[in-house]
Amino acid sequence: MLFALIFCALLTFNFLSCSIAFAQNDLTAEQYEEDFDFLWKTFRTDYAYFDEKRTDWDRVNEIYRPAVRTISTKSEFVALLEKVLEELYDDHIHLNTHTPSSPNIVPSRTDVWAEWIDGRAIVTGIRPGFPAEFAGLRPGMEILGFNGMSIEDAVRKRMGRAIVEVDDEIRGWTLRKVLAGYRNEIRTIEVEFQGEATPVSIPFDAFDAVYDSQHEIRLDFRTLDPRVGYMIINSTLAGGRLPDLFDFALEELRDTNGLILDLRKVGGGNTGGVEGIIGRLIDRERVYQRTVPRKGEPFLSRVRPRGEWRYKQPLVVLVNRWTGSAGEGLAISLDALDRATVVGTKMAGLEGSVLTMRMPNSGIGFQCTNQRIFNGTLKGDPAPQEFVGSSRSAYVPSVLVDTLTDAWGESEDPILEKGLEVLGKLMN
């Protein structure tokens, strides 16, 4: 029997722009310039990852600020700011609003994950149940072109203008951004299939319907057999009612001998949601996270047990490229706490925690990653400097599932299949 826990309140996603397109309340040129300066200076002083970026932020100002004088509407201003933020090739930063022609956010608003392998653009992940899958795209296919351009030219055209030196990270990020497309754009992806070039067209209006339907139910759970419980979180790990929903599901699965926790649809959240889940799975207070602010001293985060009882049976966590932000932090922390075995592909790599700011004149909000986050564990009460942990982009699941093997196409859900195999061994 399938149980559904429904949560109808509006959610704020860490990397999903939830606001609707705004009305055109035009500002003066001076007001647009003030807002541009506010965003640019906020990143200059607060962004925590400049030392890892090959972006000349002063050059960004030189390139884009003069264009502000040509702006006459908020839609034009949004389009300019979207280009500015792409210069940092960071999927965790974005505006909190959009226009009908805005670029889609990766990974929340894309269904294709691709990487450069031996100089070729290869599909390495397809989001289950989304338009790219229905269109026939599969892991292992080589991408030849996008919307009438060779994929190399499309990536080159989309590359940031203030990047000092192009590396593999930048090329991979830009490839995925190209394939995500724009909100009002039909995506025609040319792939090599069975030795022939085959164009696959994906309508832009097909994505939202699937996304909305998959997130109507916040948490599902069931038993896969009398011994194995399965729980999937379909939304963010935002606090609020999530711990209560988790508690209800866990109570129903209390007598199982092992549990699958599926985080493949979790794209963000906050510490309340993360700690609410960990607290039901540990029997003593533990350090699970180190935070390094751009300004200020590093500090450690601790989580305490909660509830009248804790689930102590074996636990397997499922992840993929659409597991992002707080979802990644939860998976990494449960692994480091020796409380779960993580099974799946690498995750989204959404580093750090974000500061949400709002521009003074236009009111446009944006996210700036102002703190580095490292997940892991230490015993006792150590100094923050002694905590190493793992960054999200560097983390590799304990059991890595290769999407490019022949076996991938033979299974309806190879990550779940592998997770059940691993859990079975832990239960024996």
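Keep in mind that what you see is a predicted model, and the values were worked out from it rather than measured.
The list of side-chain hydrogen bond (donor to acceptor under 3.5 Å, both in side chains) pairs with a residue in residues 224-233, not counting sequence neighbours, reads Tyr230-Asp262.
Between Tyr64 and the choices Lys83, Arg59, Glu87, the side chain to side chain donor-acceptor pair (under 3.5 Å) rule is met once, by Glu87.
A donor-acceptor pair shorter than 3.5 Å cannot be found between the side chains of Thr405 and Asp402. Side chains of Tyr395 and Asn375: no donor on one and acceptor on the other come within 3.5 Å. In this model, no donor atom of one side chain and acceptor atom of the other lie less than 3.5 Å apart for Asn104 and Thr110. Thr256 and Tyr311 form a side-chain donor-acceptor contact under 3.5 Å, judged by distance and modelled atom types alone. Using modelled atom types, one finds no donor on one side chain facing an acceptor on the other under 3.5 Å when comparing Asp168 with Trp116. Between the side chains of Ser235 and Arg218, a donor-acceptor pair is found at a separation under 3.5 Å.
Between the CZ atom in Arg321 and the CE atom in Met347 there is a gap of 9.5 Å [rounded to 0.5 Å]. Atom CG of Leu334 sits about 7.5 Å away from atom CG of Leu261, to the nearest 0.5 Å. Asp56 contributes atom CG, which lies 13.5 Å from atom CD of Glu165 (distance to the nearest 0.5 angstrom).
Aromatic ring orientation, Trp57 versus Phe43: tilted (interplanar angle from 30° to 60°). In this structure, Phe221 and Phe248 have perpendicular ring planes: the angle between them is above 60°, well past the 30° mark.
Residue-environment remark: CG (Asp118) stays at or below the threshold of 12 foreign heavy atoms within 6.0 Å.
Ion pairing between Asp111 and Arg187 holds under the 4.0 Å rule for side-chain N and carboxylate O.
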